[in-house]
Amino acid sequence: MKKTILTGLRPTGNLHLGHLFGAGQNWVKLQDDYNFYLEIADVQALTDNFDNPDKVRKNVKEIAMDLLAIGIDPNKVNMFIQSQIPEIAELTVFYSNLVTIARLHRNPTVKSEIAQKKELFGNEGESITYGFLGYPVSQAADITAFNGELVPVGEDQLPLIEQCREIVRKFNSIYGEVLLEPQAYLSKTTRIKGLDGNDKMGKSLGNAIYLVDDEATINKKIMGAITDPNKIKKDDPANPDVCMVYYYHKLVNNSDNVNQICAECKKGSRGCVQCKKELIAKMNEYLEPIKKRRQKYEDNPELVDEILKEGTAKAREKAKDQMLKVKKAMKIDY
Ligand code: TRP
């Protein structure tokens with residue numbers, strides 16, 4: 001029997017190259033070999049966007065289309081909407097007894113998110129809600145509602161998986177062996193750097209290329225990408241290893257071209273403008289099939305609705321089944 005994997009993402013914005021080369025390609029590979037639940041975590045997105053429901057609503061569809069565009073096959077993956085699985089909310093309530101407030105504050109992912117919020121809003125007491133602090137509990141419910149054995153995530157999510165494992169152990173030790181202890185499934189893909197050279201490509205950093213960016217936008221973004229600051233004149237020799245244009249060539253160009261670009265750059269026989277123009281062409285070429293697949297769904301939004309409806313219905317069946325077991329174990333199976 002195929003193992004079950006469960007992963008999720010928050011619908012707060014479109015997918016960018018960081019998602020594509022990070023989690024995205026990995027998920028596409030995994031879909032053949034696993035029983036795959038892919039959650040669009042709108043309830044989790046609402047924990048810090050509760051005052052912006054329109055944004056979350058819009059991005060559920062956007063993210064679904066992006067995922068289909070990168071090659072997630074709805075015949076292989078149950079793509080579902082978190083808010084439509086009430087069992088997840090129920091489990092969250094039950095699990096909330098099994099976690100201390102102190103432990104949530106010690107969770108490194110939560111800790112760094114709280115630190116960011118403090119920087120933005122000042123006083124923690126005024127900006128950290130009960131729901132936000134508790135989102136790892138809700139994420140444990142996401143995973144265990146489907147008996148997820150493996151959870152493909154990036155490193156930043158490891159503390160959340162660990163928190164889930166603790167909840168599972170606690171639950172099982174009190175109520176009996178019902179829940180499965182999940183394992184993180186770390187992808188080998190590296191984190192994609194931003195146009196500004198930052199180690200992370202991210203929406204909040206304003207340094208991302210989105211799959212939905214049109215050619216004019218891609219043009220503008222790549223023309224503004226960071227190159228070797230020591231290269232002043234067109235024929236100065238430069239160091240490709242500090243150049244973001246070279247970095248993206250390595251992602252979307254073929255290895256012969258990449259080797260040639262590297263050699264010419266080091267020699268000083270290649271200007272940055274020419275190099276950027278070549279990258280723009282390659283980037284557009286690379287994104288074209290993705291955009292084409294997306295277009296089909298943009299033109300037929302009812303297809304996306306149908307995929308989400310079916311995926312959610314299947315996920316619901318599984319979660320209901322799990323809920324019966326949980327309630328029986330907790331002696332609340334009236
Ligand atoms: N917290 C994850 C993120 O921000 C998204 C997520 C929600 C998730 N539920 C999940 C990931 C369950 C793995 C398993 O990227």
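Note that this is a predicted model, so its numbers are computed, not measured. Just so you know, ligand 1 is whichever comes first in the structure, and atom 1 is the first atom listed for that ligand.
- Among all heavy-atom pairs drawn from Val212 and Lys291, the shortest one is C-CE, 4.4 Å.
- Listed by chain and residue number, the protein contacts of ligand 1 are Leu6, Thr7, Gly8, Leu9, Arg10, Glu39, Ala41, Gln44, Gln139, Asp142, Ile143, Val151, Val153, Gln157 (heavy atom within 4.0 angstrom).
- Partner of Tyr247 under the side-chain contact (heavy atoms from CB on, under 4.5 Å) criterion, out of Asp241, Ile192, Leu279: Ile192 alone.
- Sparse packing is recorded around NZ of Lys266, with 12 or fewer heavy atoms of other residues, nucleotides or ligands lying under 6.0 Å away.
- Asn147 and Thr4 share no donor-acceptor pair across their side chains, judged by distance under 3.5 Å alone.
- A donor atom on one side chain and an acceptor atom on the other are not found under 3.5 Å apart for Asp228 and Asn239.
- Of the N and O atoms on the side chains of Gln31 and Asp73, not one donor lies less than 3.5 Å from an acceptor on the other residue.
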